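Worksheet: one structure, shown below.
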Protein chains: 2
Amino acid sequence: MKEKKSIYRTDCPVSTALDIYGDKWSLLIIRDMIFKGKNTYGDFLDSKENIATNILADRLALLEREGIISRAKHPDSKAKILYQLTDKGIDLIPVLIEIITWGEKYYDVHMPFKKLDKKLEKDKEGVIKKLYKRLRK
Amino acid sequence: MKEKKSIYRTDCPVSTALDIYGDKWSLLIIRDMIFKGKNTYGDFLDSKENIATNILADRLALLEREGIISRAKHPDSKAKILYQLTDKGIDLIPVLIEIITWGEKYYDVHMPFKKLDKKLEKDKEGVIKKLYKRLRK
DNA sequence: CTGTATCCTTAGGGATACTG
DNA sequence: CAGTATCCCTAAGGATACAG
């Protein structure tokens with residue numbers, strides 16, 4: 001596997017964050033983990049956006065290297081790997097929530113669960129707290 | 001100039017948002033407009049990250065096409081152009097704030113104004129409101 | 001099932017020169 | 001000053017095949 005230099009452009013929090021997940025795929029993996037409970041390679045491959053296997057492998061490695069996700073053996077099978085959000089990854093919930101809020105305000109788009117859309121409008125803080133609770137267990 | 005197809009991958013708000021600003025530069029321009037009051041081509045070129053002229057021109061066009069920024073004549077000079085955030089662009093404030101919050105929590109990074117960093121810790125909502133107020137004028 | 005590896009094409013982007 | 005244009009290289013990414 002190629003080595004990434006992991007050098008950030010500047011000491012700005014925005015540019016540093018973008019150096020890590022400023023691309024078209026990383027946050028989709030995080031989205032699937034947070035909102036759809038996905039946690040295996042096959043799960044991620046199965047998304048509507050059709051991520052390529054090489055890109056998926058690359059991003060999983062990158063996210064693990066940055067401490068955003070962890071890998072562990074899956075209880076179901078020896079070959080299977082279980083990907084889980086670390087606390088650092090869980091802390092991306094508010095970022096995702098704000099991106100969703102913006103997207104839903106300006107485009108005809110929706111999260112797969114209508115309940116979530118409505119709850120978000122009414123009680124964003126409540127949604128965030130619930131997600132934290134579910135993922136921290 | 002090349003035509004961008006502007007077709008979004010899916011109807012997911014996250015993937016749609018990433019189709020627009022899921023790259024290493026777009027949000028840096030927005031950052032500079034929100035937090036540093038930048039609004040001319042030369043201002044943007046002047047950032048620490050050293051964006052290339054062709055990339056800057058491309059992103060300004062993209063952001064304008066998406067209705068996130070607007071262009072107008074600059075009062076100072078006929079040649080100069082004034083870029084300003086639209087309401088849609090201003091609504092990216094919460095996204096940036098959450099990205100900054102996450103970045104500052106996990107990396108040794110800082111926004112150029114220390115006051116902002118401290119205020120963010122104590123009163124995130126207040127900071128957001130102030131920024132909205134300043135930019136909506 | 002979880003990846004790697006490979007091939008190939010396109011997009012991103014740095015450097016620089018140039019124009020209205 | 002605000003871009004365009006060009007050159008050229010690298011990174012991103014799609015498709016497919018293959019391996020443990």
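Since the structure is predicted, the reported quantities are computational estimates derived from the model, not experimental observations. Chain letters run A, B, ... following the sequence lines, proteins first, then strands; residues in each count from 1.
Between A/Ile93 and A/Tyr132 the shortest heavy-atom distance is CD1-N, 3.9 Å. For A/Arg31 against A/Ser47, the heavy-atom pair with the smallest separation is NH2-CB, 4.1 Å. The two atoms that bring B/Asp23 and B/Ile20 nearest to each other are OD1-O, 4.1 Å, heavy atoms only. Residues A/Ile51 and A/Ile29 share a closest heavy-atom pair of CD1-CD1, 4.5 Å.
Counting any heavy atom pair closer than 4.0 Å across all strands shown, B/Ile55 reaches a base atom.
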Side chains of residues 120-131 of chain B: which donor-acceptor partners sit under 3.5 Å, not counting sequence neighbours?
unit_1	atom_1	unit_2	atom_2	d
B/Asp123	OD1	B/Gly126	N	3.0
B/Lys124	NZ	B/Glu98	OE1	3.2
B/Lys124	NZ	B/Glu98	OE2	3.2

Return a table of donor-acceptor pairs under 3.5 angstrom between the side chains of residues 109-118 of chain B and protein atoms on other chains or two or more places apart.
unit_1	atom_1	unit_2	atom_2	d
B/His110	NE2	B/Asp108	OD1	3.2
B/Asp117	OD1	B/Met111	N	3.4

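Near DNA chain C, defined here as any heavy-atom distance below 4.0 Å, there are no residues from residues 68-76 of chain B. A heavy-atom distance below 4.0 Å to DNA chain D is reached by none of the residues of residues 11-28 of chain B. Taking every heavy atom of residues 33-41 of chain A and every atom of DNA chain C, pairs under 4.0 Å involve A/Thr40, A/Tyr41, by number.
What separates CG of A/Leu60 from C1' of C/dT4 is a distance of 13 Å, to the nearest Å. Atom P of nucleotide C/dT2 and atom CD of A/Glu64 are separated by 15 Å, given to the nearest angstrom. Whole-Å rounding puts the A/Tyr83 OH to C/dC1 C1' distance at 11 Å. Distance B/Leu56 CG to C/dG12 C1': 15 Å, rounded to the nearest Å. Nucleotide C/dG14 holds its P atom 9 Å from the CG atom of B/Asn50, rounded to whole Å. Distance CD (B/Glu49) to P (C/dG12): 19 Å, rounded to an integer number of Å. Going from atom CD1 of B/Ile51 over to atom P of C/dG12 covers 13 Å, rounded to whole Å. Distance A/Asp43 CG to C/dG3 P: 12 Å, rounded to the nearest Å.
Applying the ring pair (Phe, Tyr, Trp, His ring centres under 6.0 Å) test to pairs two or more places apart or on separate chains, none has a residue in residues 34-75 of chain B. Counting only residues at least two apart or in different chains, salt bridge (Lys or Arg N to Asp or Glu O under 4.0 Å) contacts with residues 7-18 of chain A comprise A/Arg9-A/Asp19, A/Asp11-B/Lys48.
B/Ile81 and B/Leu45 fall within a single hydrophobic cluster, where Ile, Leu, Val, Met, Phe, Trp and Tyr are joined by side-chain heavy atoms under 4.5 Å apart, directly or via other members.
Comparing A/Ala57 and A/Ser77 by the nucleotide of DNA chain C whose heavy atom lies nearest to each, the residue mapping closer to the 5' end is A/Ser77.
An OP1 or OP2 oxygen of D/dG13 is reached within less than 4.0 angstrom by a side-chain nitrogen or oxygen of A/Arg59.
With no hydrogens or angles considered, a side-chain donor-acceptor pair links B/Glu49 and A/Thr10 at under 3.5 Å. One side chain, B/Asp91 or A/Tyr106, offers a donor N or O that lies under 3.5 Å from an acceptor on the other.
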Check nucleotides 16-20 of chain C against the protein and report each pair of N or O atoms closer than 3.5 Å, with its distance, or say if there are none.
unit_1	atom_1	unit_2	atom_2	d
C/dT16	O4	B/Thr53	OG1	3.1

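Residues passing the salt bridge (charged side-chain N to carboxylate O under 4.0 Å, His left out) test with A/Lys80: none are found, sequence neighbours excluded. Residues meeting the salt bridge (charged side-chain N to carboxylate O under 4.0 Å, His left out) test with B/Lys24, sequence neighbours left out: none. For B/Lys119, the salt bridge (charged side-chain N to carboxylate O under 4.0 Å, His left out) test picks out no residue, with sequence neighbours left out.
Using cut-offs of 30° and 60° on the angle between ring planes, the pair B/Tyr8 and A/Tyr107 is perpendicular.
Recorded end-axis angle for the helix from C/dC1-D/dG20 to C/dG20-D/dC1 stands at 40°, based on five pairs per end and rounded to 10 degrees.
Looking at B/Lys38 and B/Asp46, no side-chain N of the basic residue comes within less than 4.0 Å of a carboxylate O on the acidic one, giving no salt bridge.
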